[in-house]
Amino acid sequence: MRYLNHPSVFRPLAYRGTRFRRLEEVAWVRRSRRAAAHGDYWNFAVTRRDSGALVGGIGLEVRDWANGRGWTGYWIARPFWHRGYGAEAASAVCDVAFRRLKLQRIDAEVFDFNQRSMRLLRRLGFRREGRRRHVLRRGGRWYDEIAFGLLASEFRPWPVPIRD
Ligand SMILES: CC(C)(COP(=O)(O)OP(=O)(O)OC[C@H]1O[C@@H](n2cnc3c(N)ncnc32)[C@H](O)[C@@H]1OP(=O)(O)O)[C@@H](O)C(=O)NCCC(=O)NCCS
């Protein structure tokens, strides 16, 4: 919660402008556990290999098994930005989605002010597919959402070994 509630993390992440509260987080963890047990929505902790310390989170949700369509969203705690953790986590999730789950495509949605996340997606091969207008109202103005998509054939894994 401390990491999520940093303004530079929750502003580009959430449709809401207010901080996450403890009860909501507890409920979210419970929902995540149930969903993972069900087998179509996983919320992973991103941790350091050496210490196991939490540095962020990333989700993979399969919204359409019949057509092999998944969706991802992610965040890295502010003190750990710019070390490749975001790209490595997103790459690992795409790798699982395509190689293990045999999905055909992965969706990601980004607010139009979030250039950092768009660069990350492009590095993995995601392409911009469209713009949803006025999905977010903040500080008296509207923001759009950019839809990105990655096909299995376009995936460029981040060059870091992924352990099976
Ligand atoms: C977007 C986000 C996940 C990126 O996380 P990150 O761990 O900093 O991502 P990376 O380190 O992989 O890449 C960030 C930059 O660091 C650079 N970088 C990567 N490894 C590096 C290293 N070892 N040394 C220096 N720079 C490095 C990358 O090239 C990249 O540069 P760029 O932004 O100029 O393209 C993070 O900023 C975040 O959590 N933002 C808030 C939440 C959010 O926007 N979520 C996505 C919603 S769609």
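These numbers come from a predicted model, not from an experiment. Each ligand, and each atom within it, is numbered from 1 in the order the structure gives.
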J.: What are the atoms of ligand 1, with element, lying closer than 4.0 Å to any heavy atom of E109?
T.: 48 (S)
J.: If the cut-off is 4.0 Å to any non-hydrogen atom of L13, which atoms of ligand 1 fall inside it?
T.: 45 (N)
J.: Could you find the nearest protein heavy atom to atom 42 (C) of ligand 1 and give me its residue, atom name and distance?
T.: V9 O, 3.6 Å
J.: Under the 3.5 angstrom rule, does the side chain of R116 hit a backbone N or O of R119 as a donor-acceptor pair?
T.: no
J.: For atom 40 (N) of ligand 1, which protein heavy atom lies nearest, and how many Å away is it?
T.: W81 CZ2, 3.4 Å
J.: Looking at every heavy atom in both T47 and L54, which two are closest together, and how far apart are they?
T.: CG2-CA, 4.2 Å
J.: Give a yes or no on this: more than 12 heavy atoms of other residues, nucleotides or ligands lie within 6.0 Å of atom CZ of R83.
T.: yes
J.: Mark up the atoms of ligand 1 that fall under 4.0 Å of a heavy atom belonging to L120, in ascending order.
T.: 4 (C), 9 (O)
J.: Under 4.0 Å, heavy atoms only, figure out whether ligand 1 is touched by the backbone of E88, its side chain, both or neither.
T.: neither
J.: Can you pull out the closest protein heavy atom to atom 44 (O) of ligand 1? Residue, atom name and distance to 0.1 Å, please.
T.: N114 ND2, 2.7 Å
J.: Which of parallel (below 30°), tilted (30 to 60°) and perpendicular (above 60°) describes Y85 and F80?
T.: tilted
J.: Tell me: protein heavy atom nearest atom 25 (C) of ligand 1, and distance?
T.: H82 O, 3.3 Å
J.: Within 45° of the axis and under 6.0 Å from the centre of the six-membered ring of W71, does NZ or CZ of R69 qualify?
T.: no
J.: Provide the closest heavy-atom pair for C94 versus F126 in the form atom of the first, atom of the second, distance.
T.: SG-CE1, 4.0 Å
J.: Considering all heavy atoms of both residues, which atom of P12 and which atom of F113 are nearest to each other, and what is their separation?
T.: CA-CE1, 3.9 Å
J.: What protein heavy atom sits nearest atom 7 (O) of ligand 1, and how far away is it?
T.: G86 N, 2.8 Å
J.: Taking distance alone, with no angle check, do R83 and ligand 1 share an N/O pair under 3.5 Å?
T.: yes
J.: Measure across F111 and A14 and return the closest heavy-atom pair with its distance rounded to 0.1 Å.
T.: CE1-O, 3.6 Å
J.: Give me the residue, atom name and distance of the protein heavy atom closest to atom 46 (C) of ligand 1.
T.: Y74 O, 3.2 Å
J.: Which atom names give the shortest non-hydrogen contact between R19 and E24, and what distance separates them?
T.: O-OE1, 4.2 Å
J.: Counting each atom of ligand 1 from 1 as listed, which ones have a heavy atom of A87 under 4.0 Å away?
T.: 12 (O)
J.: Taking 4.0 angstrom as the limit and counting only heavy atoms of S8, give me the atoms of ligand 1 inside it, by number and element.
T.: 41 (C)
J.: Taking only heavy atoms of R119 into account, list the atoms of ligand 1 that are under 4.0 Å away from them.
T.: 32 (P), 33 (O), 34 (O), 35 (O)
J.: Name the orientation class of the two ring planes belonging to F10 and F20 (parallel below 30°, tilted from 30 to 60°, perpendicular beyond 60°).
T.: perpendicular
J.: Where is the nearest protein heavy atom to atom 5 (O) of ligand 1: which residue, which atom, and how far?
T.: I76 CG1, 3.7 Å
J.: Counting non-hydrogen protein atoms only, what is the nearest one to atom 11 (O) of ligand 1? Give residue, atom name and distance.
T.: G84 N, 2.7 Å
J.: Is there a heavy atom in G73 that sits closer than 4.0 Å to ligand 1?
T.: no
J.: Any idea which heavy atoms bring L120 and A87 closest together, and the distance?
T.: CD1-N, 3.7 Å
